[in-house]
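When a ligand or atom number is given, it counts from 1 through the structure's own listing order.
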Amino acid sequence: MTVKPIKGFSKLTKEAKTEWLIDNYFENPEEALELLKSYWHFDSNIQKLHDEFIENTLTNYYMPFGVAPNFLINNKLYCLPMAIEESSVVAAMAKSGSYWLERGGFKATVIATKKIGHVHFVWRGSDANDLHKYFARIKPALIEETNDITRNMTARGGGILDIELIDKSDLEPNYYQIKGTFDTQDSMGANFINTVLEKWSEIFEQYITTAEELKAEDRKIEVIMCILSNYTPECLVRAEVTCPVDQLTAGTDMDSQTFVDNFVRALHVAEIEPYRAVTHNKGIMNGVDALIIATGNDFRAIEASVHAFAAKDGQYKSLSHVSVENGQFTFYLELPLSLGTVGGITSLHPMVKFSNELLGNPNSRELMQIVAVAGLAQNFSALRSLTTTGIQKGHMKMHLMNILNQFEATLEEKAAIINTFKDRVPSYSLAVEEFCKLRGITKEEFAASRS
Ligand code: MEV
């Protein structure tokens, strides 16, 4: 099909957009339309809400929502909401929750909650000292003239913590920044920070035209952009578990000390080998992202921040760490997590409200702790499997259901095939074998039926 570009798509009605799409891109438009409609919410108010979250909404995209109970965090028991599509993640999380429940639970601490934003600008003057003098004089105005924007946030205990002028002209000619440090309390704060930054750039641009500290020809700036930074190394939370080495069970006949030695070595590999570190940290993010999505937070921002943090020393490394001292095993991580429990879609998305209620309506600090624990728990489960049975046993067991669903196996067939993998690791080809045996067909007939 050759599709022509379309003008004014966003202004079309939902029906017209859908019609254009299915007529231009699908072999069977009726089937495509039926599919899109089958994912509409039966409650038109909820559908309208979803329609209005983004532009050009046509339908909804489902993701499984599961829970992992038995998470003891700072002596409080939680059941964690998780929105994720990967088969084995929730099972691994739940296992870790129960494992550490028997060993004292998780401890988590918020280290700091500062967020950063910049007005990036060009100033072509010759003496940066003059710019610093001008900045020092107008700094109070930058705070006072944003009072209207910051009043509510300040009343809630947050607001502007600091404003600095940063000279970056050694990296890019004439490049400077107004760097703002903020506390946004329970909101993620992107809109708050960006609004303040844009106001600062206006004030700065306006006042500089009459700045007596500067030569007449230097009384102007060119604003490049005003934007918060999603890198939040000072919005940091730590999660840890600890117990005597001899209380650690491997889940196999491996003894505690061997398990710990393997675990420590695996951690060390992730510290020194970036190829492994990325996969290791991906496993942490399995837990983090599932909670971030369930609680309506911005997983792209969190991913970007966390990976920058993992590379803060100049090499990409493991986000988690382990120590064994005097027979005591301690496993911990620190994550830069800028999260909101108010604002955004938190009060709109019904499942986000459900997740937050399930967590006891935490404030952002408590949510940071819960999410960091989710990352640590997930990482523990992955490393425990990797260093003992291997990952495929558990992973393929969970994935087997997806494979059988692809085969369109009946309930009875699924139960029978799952039973054949009770004591061995499933794979796609083994599942095909079992399926063919059960249906009494050849592999060729199976392949033909699926093409
Ligand atoms: C799979 O989604 C995650 C793991 O690869 C993480 C890890 O290797 O640590 C199992």
According to the interplanar angle, ranging from 0 to 90°, do the rings of Phe380 and Tyr99 count as parallel (below 30°), tilted (30 to 60°) or perpendicular (above 60°)?
-> tilted
Who's touching ligand 1 if we go heavy atoms under 4.0 Å?
-> Glu86, Arg276, Thr279, His280, Lys282, Gly283, Asn286, Ala382, Leu386, Ile391
Any donor and acceptor pair, going by atom type alone, linking the side chain of Asp313 with main-chain N or O of Gln315 inside 3.5 Å?
-> no
Examine the side chains of Tyr78 and Glu366 and answer whether a donor and an acceptor come within less than 3.5 Å of each other.
-> yes
Hey, do the aromatic rings of Tyr428 and Phe407 have their centres closer than 6.0 Å?
-> yes
Are more than 12 heavy atoms from other residues, nucleotides or ligands located less than 6.0 Å from atom NZ of Lys414?
-> yes
Quick note, salt bridge (charged side-chain N to carboxylate O under 4.0 Å, His left out) partners involving residues 320-348, not counting sequence neighbours, are none
